[in-house]
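From a predicted model like this one, the values you see are computed outputs, not experimental measurements. We count ligands from 1, going down the list as the structure has it; atoms in each ligand are counted the same way.
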Amino acid sequence: MTSFQATLDDEEGIAEELAASQREISIAEFFEKNKHMLGFDSGARGMVTAVKEAVDNALDAAEESGILPDIYVEIREVGDYYQLIVEDNGPGITKEQVPKVFGKLLYGSRFHAREQSRGQQGIGISAAVLYSQLTSGKPAKITSRTKGDAEAQQFELTIDTDTNEPVIESERTVSWDRSHGTRIKLEMEANMRARSQLHDYIEHTAIVNPHARVELKEPKEHFKFERADGAELPEETEEIRPHPHGVELGTLMKMLTATESHSVSGFLQEEFTRVGRKTADDILDAFRDRHYGRELAWSPPVEHDQERSLEAVVTDAVSNKSVADTEAFVEEVASALRDAGDVTYTELEALVADVAESVGEDTGTTFGDTVQENVVDALWDLLTESRADDLFSHVDAATTTQKDDATVRGLAERIAEKFGEDTPRDRLTYDELKRFVVRAAETTEEVDDVTVGETARENVTEELWERAARPVDEDVPRVREVADDRDTASELLNAMSSVDVISPPTGCLSPIKSDLLEAGLKKEVDADFYAASTRDADVHGGDPFIVEAGIAYGGELQDGQVDLLRFANRVPLVYQRGACATTQVIKDIGWRNYGLDQSGGSGMPSGPCVIMVHVASTNVPFTSESKDALASVPEIEDEIELAVREAARELKSFLNERESRRKRRQKQNVIADILPKMATKVSEMTGREQLNVDDSLARIMNNVLVERRRDGDTVQVVVENHGSKAADLDVTDIVSVEPESLSAGTVVEMDGEWFVKWSPSVSGGDEAVLSYDVTDFEETDFDLSVKGVADERLTVNR
Ligand SMILES: Nc1ncnc2c1ncn2[C@@H]1O[C@H](COP(=O)(O)OP(=O)(O)OP(=O)(O)O)[C@@H](O)[C@H]1O
């Protein structure tokens with residue numbers, strides 16, 4: 001066989017030969033060969049992915065139509081194959097759409113919408129159809145009924161992989177007991193080896209979608225996750241326009257080409273969210289700076305250093321005018337310039353034009369364009385001769401006093417040298433100015449053997465940009481010009497990201513919210529501690545996103561590696577944990593600081609703990625079309641870290657508190673053991689009655705001591721606070737006779753018992769006495785209980 005390589009050198013027409021074998025590849029054909037990209041790598045995985053695609057769609061569709069989702073999933077073993085049935089109570093799909101939705105890859109309603117939804121690409125369910133037809137050779141059977149239709153439509157269809165078009169094998173009308181909804185039946189070569197992932201997916205879907213009812217019946221098990229009581233649909237989301245931060249250059253250019261606006265200001269306000277007139281103006285200023293640069297302003301040289309006075313320079317530049325008129329003009333220009341202090345080239349032009357006009361009016365002589373140009377040029381030459389002097393003042397102001405005058409002068413002169421013919425009007429962008437400063441600093445370091453560090457370079461550039469340079473007064477290019485030039489578009493993009501723009505509206509997002517997140521965790525795991533946090537919205541690539549995190553710890557949770565539950569747009573992610581940005585962020589956090597073990601100080605922490613992370617966005621960046629793992633996007637990673645740390649801080653307080661309680665209990669046990677023995681010994685030795693040690697114990701442990709004392713038939717409940725902080729208590733004494741002369745508090749009778757209640761607040765080191773009288777102390781029963789102080793800080797002496 002002759003390879004192309006062998007013949008490449010010696011034969012002509014090889015390109016034509018190659019061309020003969022080149023042809024368009026349909027998307028369906030491509031995915032037929034690359035099933036793994038869509039999550040259909042194996043029979044086990046294929047089943048989970050197919051369930052996930054169908055259930056995600058069912059949830060999306062029902063929610064969008066304001067219907068509380070009711071989803072039934074059934075997996076049946078049929079000979080060598082498996083049948084998957086997913087049924088929903090959603091809005092149904094119209095007869096015209098069914099073939100395209102299921103029989104054409106990349107057909108969907110969500111790809112172009114900037115709104116949070118589970119589906120994004122319009123490929124999921126048709127990929128499941130493709131997988132089933134490839135592995136079983138059977139068509140997909142779809143039944144769908146839309147609201148108000150008397151009957152349902154049923155299709156059997158396949159995908160023509162050559163054309164990526166649906167092939168309808170049969171079509172009929174059937175009766176269906178559901179008033180609206182969709183039922184999908186797919187047959188595929190699969191297995192149940194990924195049963196636990198399938199269960200996880202369904203169970204975790206139920207956790208983050210408490211408003212949905214989800215049922216799974218598979219060959220071995222049958223689960224029903226009922227809708228949480230009172231759970232409502234997530235708030236309706238709205239579509240939004242992109243946010244100006246983080247849009248990519250290609251996208252911006254595409255938007256510039258497509259917009260109907262002619263001005264950049266209009267374009268920004270029309271096409272982006274959160275851009276009003278004021279923000280658009282700020283962006284235009286920043287764009288102008290980047291596109292035109294700024295002009296440096298210089299002051300006239302100090303008079304005594306000057307070889308020729310300002311007046312002499314102007315006089316020389318004016319010709320053919322009477323002496324008196326020239327003098328009047330010269331005097332005006334010189335004084336206006338001295339008043340101005342420093343001017344840019346443009347300002348100098350305006351200044352000379354103004355003087356020419358006013359002196360012209362006064363004298364009746366015209367100081368026309370040529371004269372004005374000559375005067376401007378001559379003065380500009382004069383001003384720019386002494387750039388180094390102005391630069392000296394600026395460099396001096398921007399650097400520390402440690403830099404001696406010679407260094408500052410050297411740096412100023414070297415910056416001044418960079419200006420010249422290459423910088424007409426001394427106009428520079430920030431980056432160009434920075435380059436001048438950096439190059440001058442490098443030369444100064446080499447020649448003068450001094451250090452001009454990064455901070456000094458930045459400070460000098462900043463000082464010059466803000467104080468010596470002035471924005472130019474020119475219109476920014478029109479949309480068309482920006483669209484046609486990549487560099488200009490890039491300047492606009494840069495300007496857009498440099499300006500503060502308020503965060504995007506979050507109405508397009510539907511976070512779970514921290515209380516539901518915590519409730520979801522409580523439903524799933526029986527733990528001692530729960531915490532959750534929801535961050536404010538941020539932006540990536542023009543798309544808003546919100547990160548939420550939850551932590552559960554202790555209780556029934558098993559020790560070992562922490563279990564990480566990942567969610568994106570309320571969809572549990574069950575595969576590719578290692579490749580997910582979420583996992584990486586968790587591994588990079590120093591968990592020992594938060595009280596969890598972490599071998600080597602990095603990596604997955606361990607402990608009886610579950611960490612849950614949810615990223616909600618109008619466009620979740622996944623590592624691949626199979627939507628298993630989040631891609632590493634710095635803005636999202638930062639927010640994941642902050643959300644997890646917020647919840648982890650609560651975990652840390654809980655663990656610290658628990659540890660200090662443990663130590664306290666240990667100490668108390670030791671003291672409680674020793675003190676009575678000591679009291680016995682003392683009483684034996686002194687022959688005196690043995691002391692009650694509770695009081696001493698409370699004092700040693702800084703405890704709150706609540707003690708009943710008797711004074712005849714008066715009952716006293718004494719609260720001694722030996723701690724340093726105030727204690728707010730609820731003290732209840734249940735008494736078998738009616739109490740009288742109650743000090744504050746309330747009394748309620750129930751079934752022959754009297755509940756005496758006080759709520760004293762006792763400052764650290766203070767005591768409160770609560771009292772009442774009874775008719776006969778000896779004949780009365782009491783039952784004292786105290787709330788408001790942790791058990792280990794409380795001693796109750798009944
Ligand atoms: N059960 C359903 N009820 C109503 N409409 C549906 C249902 N399933 C799919 N659709 C419609 O079909 C479209 C295509 O679904 P598909 O799963 O192919 O893509 P997607 O959900 O938009 O995105 P992704 O590829 O990210 O899953 C959806 O956008 C939706 O408009």
Side-chain angles (χ1 to χ4, degrees), residues 27-28 30-31 35 37-40 48-73 84-132 140-147 149 152-155 157 159 164-166 176 178-186 201 205 212 214 237 239 543 568-573 617-631:
I27 178 81
F30 175 79
F31 280 116
K35 297 187 277 296
M37 286 188 177
L38 299 173
F40 293 95
V48 180
T49 304
V51 170
K52 190 167 176 280
E53 293 301 346
V55 172
D56 289 352
N57 282 351
L59 287 166
D60 271 341
E63 283 170 18
E64 270 170 26
S65 321
I67 300 167
L68 284 168
D70 197 338
I71 298 165
Y72 174 75
V73 182
L84 167 65
I85 294 159
V86 180
E87 201 175 300
D88 67 57
N89 64 338
I93 304 167
T94 61
K95 188 178 167 196
E96 295 70 37
Q97 292 300 96
V98 170
K100 289 186 186 136
V101 161
F102 297 94
K104 188 173 174 71
L105 277 94
L106 292 180
Y107 187 88
S109 52
R110 307 186 216 286
F111 188 75
H112 296 98
R114 231 169 248 268
E115 190 178 5
Q116 177 184 330
S117 59
R118 297 169 182 82
Q120 290 191 177
Q121 297 139 348
I123 206 165
I125 199 62
S126 36
V129 171
L130 183 64
Y131 181 73
S132 82
K141 193 172 194 174
I142 318 293
T143 312
S144 195
R145 181 169 171 192
T146 55
K147 229 179 193 161
D149 273 1
Q153 299 298 323
Q154 196 169 73
F155 288 85
L157 55 86
I159 301 173
N164 184 30
E165 289 296 335
W176 196 23
R178 280 192 188 269
S179 56
H180 50 85
T182 303
R183 178 188 163 98
I184 304 164
K185 190 162 123 189
L186 304 176
Y201 165 74
T205 297
V214 189
T237 55
E239 246 193 277
D543 282 294
N569 285 358
R570 292 174 180 256
V571 177
L573 310 181
S617 177
T618 48
N619 180 17
V620 177
F622 289 106
T623 52
S624 80
E625 287 74 7
S626 58
K627 303 201 284 189
D628 293 314
L630 290 190

Atom indices of ligand 1 within 4.0 angstrom of G124 heavy atoms, with elements: 16 (P), 17 (O), 18 (O), 19 (O), 24 (P), 25 (O), 27 (O)
With Y131 via side chain to side chain donor-acceptor pair (under 3.5 Å) - residues at least two apart: none
Electrostatic pair R570-E63, nearest N-O below 4.0 angstrom: no
Contact partition for I93 relative to ligand 1, non-hydrogen atoms under 4.0 Å: side chain
Spacing of CG belonging to L573 relative to CG belonging to D628, to within rounding of 0.5 Å: 7.5 Å
Among D149, T146, I67, side chain to side chain contact (heavy atoms under 4.5 Å, CB included) partner for H180: I67
Nearest-0.5 Å distance, CG of residue L105 to CG of residue L130: 6.0 Å
Ligand 1 N/O within reach of I123 N/O, cut-off under 3.5 Å: yes
I184, N89, N569, D88: member with heavy atom nearest to atom 1 (N) of ligand 1: D88
Anything under 3.5 Å between a donor and an acceptor, one on a side chain of residues 86-93, the other on a protein residue two or more places apart or in another chain? List them.
| residue | atom | partner | partner atom | Å |
| --- | --- | --- | --- | --- |
| E87 | OE1 | R183 | NH1 | 2.8 |
| E87 | OE2 | R178 | NE | 2.7 |
| E87 | OE2 | R178 | NH2 | 3.3 |
| D88 | OD1 | G90 | N | 2.7 |
| D88 | OD1 | T182 | N | 3.2 |
| N89 | OD1 | D70 | N | 2.9 |
| N89 | ND2 | L68 | O | 3.0 |

Distance filter under 4.0 Å to E53 heavy atoms, resulting ligand 1 atoms: 27 (O)
Heavy-atom gap K627 to ligand 1 smaller than 4.0 Å: yes
Backbone or side-chain N or O of R118 under 3.5 Å from ligand 1 N or O: no
Atom indices of ligand 1, in the order listed, that fall short of 4.0 Å to a heavy atom of I125: 15 (O), 16 (P), 17 (O), 18 (O)
